[in-house]
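Hydrogens, waters and symmetry mates are skipped; everything else that's a heavy atom, side chains included, is used. Note that the coordinates shown come from a computational prediction; the quantities given were computed from them, not determined experimentally. Naming: A, B, ... by sequence-line order, numbering from 1 per chain.
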Amino acid sequence: MPELPEVETIARGLAATIVGKRIARVDVRLKKMAPAPPGVRWSSVVGERVIGIGRRAKYAVLTLESGRALVTSLRMTGRLVVQRPHETDYPGTHVVLGFDDGSRLSFADVRTFGRMRLVLPGEPWDAELGVEPLSTGFTPEAFIGMLRGRTTPIKALLLDQRRVAGIGNIYACEALWEARIRPSRPSRALTKPAIRRLHNAIVDVLERALDLRGTSVDDYVDAEGLRGGFQNALAVYGRLGEPCLRCGAPIVRTVLAQRGTWWCRACQR
DNA sequence: CCGCCGCCCTGCTTGC
DNA sequence: TGCAAGCAGGGCGGCG
């Protein structure tokens, strides 16, 4: 499921292939996946040039020359894949942007949970999103402040995009394991050294996953359709019953904040 | 404001 | 063998 490292990898791939191209065609086959803003037609993006591609939290952001942006949330099974002129559509394609050179950007999602939005200039679409964990704004002190007084389990806080933006279930599990912290611990019960360990672990896990172009446990592929490599480096996620890489105890799975949670009872406290 | 919960959706895995 | 139930989960809206 695409989290920060996966979306960043996709965005970098798209930057290399579609920046500078002009949109020649838009085909929204499933309207709920790309609802047009009130009073705006999707056809209005035809003729616009793509001037940049980036990422905010788990969203891929295509900037158009008018200052508008295409903001895509891939949720679990969404894909953004660039296709050559005569390649057949990627399976499950619901939205297609055709470019002036005949290449296409396909937005595919078998489960149709993903969404693509057309954001108008100045629209504060990301106002509710928290700090980027790989930015200089994510300091240990800022993180300590976020946890202060909060009763919510630390894992639920990591998944809350209003605090730190971009962490999903896989990297929340992995960072908590690396920091040796039990996922259910109330945020306010973490000592400052533990919060600092977790801060380090979040940055470390995300950077290592980014180096390996993300995690492909089942669906994720990048803009070229290639799988990532971090699934081979996972310490706990999906490893039910297998030995903890640190202490050898079997990894357990519980449910926390409606999410499967993999962790080591022996060395995460 | 905060925390919790249900819903959306389909493909794959598991179990009888 | 075949079918049904269970599971995967990000974001959002509703509720207390």
### Task
Please give the nucleotide sitting opposite C/dA8 as a Watson-Crick or G-U wobble pair, both distances under 3.5 Å, or none.
B/dT10
## Note on the structure
Whichever of A/Arg163 and A/Arg115 has the more 5' nearest nucleotide on DNA chain B, that residue is A/Arg163
### Task
Classify the nucleic acid contact of A/Gly114 as base, sugar-phosphate or nothing, counting any heavy atom under 4.0 Å across all strands shown.
nothing
### Query
Hey, is the side chain of A/Thr151 poking within less than 4.0 Å of OP1 or OP2 on B/dG3, counting only N and O atoms?
yes
### Message
Taking the minimum atom-to-atom distance to the side chain of A/Arg75, which one of C/dA8, B/dG3, C/dC12 wins?
### Response
C/dC12
### Query
Using a cut-off of 4.0 Å on non-hydrogen atoms, how would the nucleic acid contact of A/Gln161 be classed: base, sugar-phosphate, or nothing?
sugar-phosphate
### Query
What's the NZ-C1' distance between A/Lys32 and B/dC8, to the nearest Å?
7 Å
### Task
Describe the nucleic acid contact of A/Arg253 in one word from base, sugar-phosphate, nothing, applying a heavy-atom distance below 4.0 Å.
sugar-phosphate
### Query
When we call it a touch if two heavy atoms are under 4.0 Å apart, what does A/Arg150 touch: a base, just sugar-phosphate, or nothing?
sugar-phosphate
### Message
Tell me the interatomic distance from A/Leu30, atom CG, to B/dT10, atom C1', rounded to whole angstroms.
### Response
13 Å
### Query
Do NZ/NE/NH1/NH2 and the carboxylate oxygens of A/Glu8 and A/Arg213 come within less than 4.0 Å?
no
### Query
How would you label the contact of A/Arg117 with the nucleic acid (heavy atoms, under 4.0 Å): base, sugar-phosphate, or nothing?
nothing
#### Entry: Nearest-angstrom distance from the residue atom CE of A/Met33 to P of B/dC8
17 Å
### Message
Can you see if the side chain of A/Lys58 gets near the phosphate of C/dG10 - specifically, an N or O under 4.0 Å from OP1 or OP2?
### Response
no
### Query
Taking OP1 and OP2 of C/dG10, is either one under 4.0 Å from a side-chain nitrogen or oxygen of A/Arg259?
yes
### Message
Please determine whether a side-chain nitrogen of the Lys or Arg among A/Arg163 and A/Asp160 lies less than 4.0 Å from a carboxylate oxygen of the Asp or Glu.
### Response
yes
